[in-house]
Participant: 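Next up is a structure, given as structure tokens.
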Amino acid sequence: MNIRIGTGYDVHKLEKGRKLVLGGVEVPFDRGLLGWSDADVAVHAIIDALLGAATLGDVGTYFPSDDPQYKDISSLILLEKTGDLLKENQWQIGNIDVTIIAQEPKLAPFINTMREKTAEALSINEDQIGIKAKTADKLGFEGKSEGIVAHAVALLRKPNEDP
């Protein structure tokens with residue numbers, strides 16, 4: 001069995017006039033993340049982790065930030081397309097783990113829904129996705145509530161291949 005691990009990272013600035021979307025969930029807040037799509041840092045980090053593990057490039061390879069078809073698109077759609085690409089290349093998802101770093105808003109009430117939505121987009125079980133939210137203890141741009149960061153790691157496997 002061929003097993004691979006990939007990591008992903010994304011960061012976006014918080015700005016008034018935007019919706020805050022994390023893990024495919026709209027989170028009530030006075031600002032949202034600035035970006036070409038919905039700027040969902042959690043899903044973008046997941047996509048990069050999955051594509052990295054499969055050595056298929058990164059989020060910008062398939063969904064460039066200057067392509068008009070991706071303007072304001074839900075990142076869950078991009079995640080679905082990433083899942084399809086993995087299937088085409090015979091990769092199965094073992095698990096995904098994500099850490100979202102944001103001083104505010106409090107994300108704990110939304111974590112289960114984030115897990116549900118990302119699992120649904122990838123056609124996997126919720127127990128294959130871990131999502132955690134951490135503050136930055138008021139340090140750095142995350143701690144000053146200027147932006148939000150997400151880190152992700154993913155494990156992929158190809159059951160019918162030798163390592």
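All figures in this text were calculated on a predicted structure; none of them were measured in a lab.
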Participant: With Met114, which of Ile129, Ile100, Val21 fulfils side-chain contact (heavy atoms from CB on, under 4.5 Å)?
Facilitator: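 Only one of Ile129, Ile100, Val21 forms a side-chain contact (heavy atoms from CB on, under 4.5 Å) with Met114, namely Ile100.
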Participant: Just to verify, which of Asp38, Asp40, Thr82 counts as forming a side-chain hydrogen bond (donor to acceptor under 3.5 Å, both in side chains) with Ser75?
Facilitator: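 With Ser75 as partner, side-chain hydrogen bond (donor to acceptor under 3.5 Å, both in side chains) holds for just one option, Asp38.
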Participant: Give me the atom names and distance for the closest heavy-atom approach of Gly83 to Leu122.
Facilitator: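 That closest heavy-atom pairing would be CA-CD2, 3.8 Å.
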Participant: Report the distance from atom CG of Leu14 to atom CD1 of Ile148, rounding to the nearest 0.5 Å.
Facilitator: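 Nearest 0.5 Å value for the CG-CD1 distance: 4.5 Å.
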Participant: Are the side chains of Leu50 and Trp91 in contact, using a 4.5 Å heavy-atom criterion?
Facilitator: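 The answer is no, as the side chains (C-beta and beyond) never meet within the 4.5 Å cut-off.
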Participant: Can you tell if the side chain of Ser123 reaches within under 4.5 Å of the side chain of Lys87, non-hydrogen atoms only?
Facilitator: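 Answer yes - side chains close enough.
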Participant: Within the 4.5 Å heavy-atom criterion, are Ile96 and Val98 side-chain neighbours or not?
Facilitator: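 They are in side-chain contact.
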Participant: Taking all non-hydrogen atoms of both residues, which atom of Ile46 and which atom of Thr118 are closest, and how far apart?
Facilitator: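 Looking at all heavy atoms of both residues, the shortest contact is CD1-CG2, 4.1 Å.
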Participant: Closest approach of Tyr70 and Tyr62, non-hydrogen atoms and distance?
Facilitator: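 That closest heavy-atom pairing would be OH-O, 3.4 Å.
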Participant: Count the heavy atoms of every other residue, nucleotide or ligand shown that sit under 6.0 Å from NZ of Lys71, and state whether that count exceeds 12.
Facilitator: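 Count over threshold, so yes.
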Participant: Measuring from Lys138:NZ to Lys144:NZ, what's the distance to the nearest 0.5 Å?
Facilitator: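 Reported value, rounded in 0.5 Å steps: 13.0 Å.
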Participant: Testing the basics here: between Leu51 and Val59, what is the closest heavy-atom pair and its distance to 0.1 Å?
Facilitator: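 Here Leu51 and Val59 meet closest at CD1-N, 3.8 Å.
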Participant: Before giving the answer on side chain to side chain contact (heavy atoms under 4.5 Å, CB included), spell out for Ile101 and Thr99 the whole-Å C-alpha distance, their side-chain angles and the decisive distance to 0.1 Å.
Facilitator: CA-CA 6 Å; Ile101 305 167; Thr99 303; 4.2 Å; yes
Participant: Thinking salt bridges, do Arg18 and Asp72 make one under a 4.0 Å N-O criterion?
Facilitator: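 Salt bridge present between Arg18 and Asp72.
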Participant: Which value, rounded to the nearest 0.5 Å, describes the distance between Arg157 atom CZ and Ile93 atom CD1?
Facilitator: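 Rounded to the nearest 0.5 Å, the CZ-CD1 separation comes to 9.5 Å.
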Participant: Do the side chains of Val149 and Ile47 join up, straight or via other hydrophobic residues, at under 4.5 Å, putting them in one cluster?
Facilitator: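 In one cluster with Val149: Ile47, no.
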Participant: Looking only at heavy atoms, which two atoms of Gly24 and Lys117 are closest? And how far apart?
Facilitator: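 Closest heavy-atom pair between Gly24 and Lys117: O-CD, 3.1 Å.
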Participant: Could you go through the side chain to side chain contact (heavy atoms under 4.5 Å, CB included) check for Leu155 and Ile3 one step at a time?
Facilitator: CA-CA 7 Å; Leu155 180 118; Ile3 296 174; 3.6 Å; yes
Participant: Answer whether the closest heavy-atom distance between the side chains of Tyr9 and Val11 falls below 4.5 Å.
Facilitator: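 The answer is yes, as the side chains (C-beta and beyond) meet within the 4.5 Å cut-off.
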Participant: Please walk me through it: do Asp30 and Lys16 pass side chain to side chain contact (heavy atoms under 4.5 Å, CB included)?
Facilitator: CA-CA 7 Å; Asp30 67 336; Lys16 290 209 178 276; 3.4 Å; yes
Participant: Could you walk me through whether His151 and Thr7 pass side chain to side chain donor-acceptor pair (under 3.5 Å), step by step?
Facilitator: CA-CA 7 Å; His151 295 268; Thr7 63; over 6 Å; no
Participant: For the backbone of Glu88 and the side chain of Gln90, can you confirm whether one donor and one acceptor N or O come within less than 3.5 Å of each other?
Facilitator: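 Checked: pair present.
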Participant: Kindly compute the distance separating CD (Glu120) from CG (Leu76), expressed to the nearest 0.5 Å.
Facilitator: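 CG of Leu76 is found 8.5 Å from CD of Glu120.
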Participant: Measure from the side-chain N and O atoms of Glu15 to the backbone N and O of Leu34, and report whether any donor-acceptor pair falls under 3.5 Å.
Facilitator: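 Checked: no pair found.
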Participant: Test salt bridge (charged side-chain N to carboxylate O under 4.0 Å, His left out) on Glu104 and Arg31 and set out the steps.
Facilitator: CA-CA 10 Å; Glu104 57 180 347; Arg31 290 165 286 152; 3.5 Å; yes
Participant: For the pair Phe63 and Lys81, evaluate side chain to side chain contact (heavy atoms under 4.5 Å, CB included) and give the outcome as yes or no after the intermediate values.
Facilitator: CA-CA 10 Å; Phe63 317 111; Lys81 292 176 184 279; 3.8 Å; yes
Participant: Would you compute the distance between atom NE2 of His44 and atom CG of Leu33 and round it to the nearest 0.5 angstrom?
Facilitator: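 Those atoms lie 9.5 Å apart.
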Participant: When you measure from the side chain of Asn89 to the backbone N and O of Leu85, does any donor-acceptor pair fall under 3.5 Å?
Facilitator: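 Indeed, once roles are kept as given, a pair shorter than 3.5 Å links the two residues.
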Participant: Has the side chain of Arg4 got a donor or acceptor atom that lies under 3.5 Å from a matching backbone atom of Leu156?
Facilitator: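 Checking the backbone N and O of Leu156 against the side chain of Arg4, no donor-acceptor pair under 3.5 Å is found.
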Participant: Distance check, rounded to the nearest 0.5 Å: Asp97 atom CG versus Gln128 atom CD?
Facilitator: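 Separation between the atoms: 13.0 Å.
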Participant: If I compare all heavy atoms of Phe110 with all of Val25, which pair ends up nearest, and what's the gap?
Facilitator: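 Nearest pair, atom of Phe110 first, then Val25: CD2-CG1, 4.0 Å.
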Participant: How would you list, by chain and number, every residue that makes a side chain to side chain donor-acceptor pair (under 3.5 Å) with His12, sequence neighbours excluded?
Facilitator: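 Asp10.
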Participant: Look only at the side chain of Trp36 and the backbone of Asp67, and say whether a donor-acceptor pair between them is shorter than 3.5 Å.
Facilitator: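 Checking the backbone N and O of Asp67 against the side chain of Trp36, a donor-acceptor pair under 3.5 Å is found.
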Participant: Are any of the side-chain nitrogens in Asp127 or Arg115 under 4.0 Å away from the carboxylate oxygens of its partner?
Facilitator: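 Answer for the salt bridge query: no.
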Participant: Any sub-3.5 Å donor-acceptor pair from Gln103's side-chain atoms to Ser145's backbone N or O?
Facilitator: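 No.
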